[in-house]
Amino acid sequence: MSAESTPNPRIPGGKGSRRKPRSRGRKGLLVMAWVAAGIVVVGGTGAGYVYFKLNGNIKSVDIDQVLGSARPSKVDNGSENILVLGSDTRSGSNKELGGGTDDGSARSDTAMIIHVYEGHKKAAVVSIPRDTLINRPECTDTDGKRHDAASDVMFNSAYTTGGAACAVKTVESMTDIRMDHYLEVDFSGFEKLVDELGGVTVTTTKAIKDTDSHLDLKAGTHELTGAQALGLVRTRHGVGDGSDLGRIQLQQAFIKALVKQVKSVGVLTSPKKLYDLADTATKAVTTDSDLGSVNSLVSFAGGLKGISPSDMTMVTMPVRYDPANPNRVIVQEAKAKQIWTALENDRAIPKSATEGTATGQAKGVVTS
């Protein structure tokens, strides 16, 4: 069901219980695709056939051509903004992982703006809740089909409606910040990447059991398989207030664990492991056309390799629960503006931007 057709009763001051996740519905996916891109450095050192094999794996979208010149101006201060999305295509291996009908549709339930500061030593990650009610701009997809603007729809309807280009245009409309790059990863690619890394270690401060995401973890330290990691970043039931905001907090904690694992794994000691990682990463990633080759990804990844988990600031776009529908959230515009202004000017995000906002109440459930 699209966001436009999702029931959204507007009863002033109305209350309701938090929606439990649906096993066949939209499920969030951690998509730290730039970490996957970092592994692709192998492509610059391999033989010719390896290079062409990896190059052929990469899918790309010409965002610039579709959106044209009516976009925020590029900021020439040495920083970069990357829109990272997770996709759930409901077909092939993704259908087996996510469940549901193979209807050919595509969804994006995890969205993050990654701001890499000048000097590429620090980064800020801003998660955008999929359930945020927005005004989506008119957009054209990569097939040239035009889609009318829509009011009061969920944020993730942008990708469902017009794909990558519409998602980028929507984010730029919301933030007035130019997205320099676009990266996307899907369910099956994420699971395989974690398995190729040999798992990711996390600690849970309380037990997590969610039958919808197929996750059952006792409190303690775990080395997650790809399937368990996918379950963790899809989990919302049984943690925090059961909302998508709580799931975002789990995802952000897992990102740091994943970055730590990528930095510690001894891939350079095994050419086969290095190649397998690169093969998996390039098959999983869809990029904007500027990053659509191994050489471009190598250069891009090289600029990120100095960023460690302690150098990453992670926040959620300031929102409040919609009083008319507890399963939706509304942007706190003044606070969000503080974040967008800080990123545009390559400054740290002020603490005041996230004080007093809805959180999901799952912070600290997962640590790395």
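Just so you know, residue 1 is the first one in the sequence shown, and it goes up from there. These figures come from a predicted structure and were not determined experimentally.
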Applying ring-ring contact (aromatic ring centres under 6.0 Å, His included) to His120 and not counting sequence neighbours gives none
Just by modelled atom types, is the [Y] backbone N or O under 3.5 Å from a matching donor or acceptor in the [X] side chain?
X	Y	answer
His222	Val202	no
Asp322	Pro326	no
Asn345	Ala342	no
Lys59	Lys283	yes
Glu172	Pro72	no
Thr204	Thr221	no

For [X] and [Y], work out which heavy atoms get closest and say how close.
X	Y	value
Asp288	Tyr182	OD1-N, 2.9 Å
Pro129	Ile248	CA-CD1, 3.8 Å
Ala158	Arg136	CA-CD, 3.5 Å
Phe155	Ala111	CE2-CB, 3.5 Å
Asn77	Glu344	ND2-O, 3.5 Å
Val285	Leu183	CG1-CD2, 3.7 Å

What pairs of donor and acceptor atoms, side-chain ones from residues 347-358 against any protein atom, are under 3.5 angstrom apart with sequence neighbours left out?
unit_1: Ser352; atom_1: OG; unit_2: Gln338; atom_2: OE1; d: 2.7
unit_1: Thr354; atom_1: OG1; unit_2: Lys351; atom_2: O; d: 3.4
unit_1: Thr357; atom_1: OG1; unit_2: Thr354; atom_2: O; d: 3.0

Pair [X]-[Y], side-chain donor/acceptor within less than 3.5 Å:
X	Y	answer
Asn135	Asp152	no
Ser127	Gln251	no
Glu184	Tyr159	yes

Practice task
Take Asp131 and Asn327 through the side chain to side chain donor-acceptor pair (under 3.5 Å) test and state the conclusion after the steps.
Solution key: CA-CA 7 Å; Asp131 294 336; Asn327 297 313; over 6 Å; no
* Between Val61 and Thr287, is any pair of side-chain heavy atoms under 4.5 Å apart? -> no
Original post:
Any side-chain heavy-atom pair from Asp279 and Leu54 closer than 4.5 angstrom?
Top reply: yes
Roughly how far, to the nearest 0.5 Å, is [atom2] of [Y] from [atom1] of [X]?
X	Y	atom1	atom2	answer
Ser296	His181	OG	NE2	8.5 Å
Ile339	Ile177	CD1	CD1	9.5 Å
Thr175	Lys337	OG1	NZ	9.0 Å
Arg130	Ser157	CZ	OG	12.5 Å
Thr235	His214	OG1	NE2	10.0 Å
Met154	Asn156	CE	CG	4.5 Å

Residues [X], [Y]: salt bridge by 4.0 Å N-O rule:
X	Y	answer
Arg234	Asp210	no
Lys169	Glu138	yes
Asp195	Lys192	no
Asp148	Arg146	yes

ILVMFWY network linking Val75 to Ile63, side-chain heavy atoms under 4.5 angstrom
no
Under the side chain to side chain donor-acceptor pair (under 3.5 Å) criterion, do Ser289 and Ser60 qualify, and how do the steps go?
CA-CA 5 Å; Ser289 55; Ser60 64; over 6 Å; no
side-chain hydrogen bond (donor to acceptor under 3.5 Å, both in side chains) filter on Thr280, not counting sequence neighbours, yields none
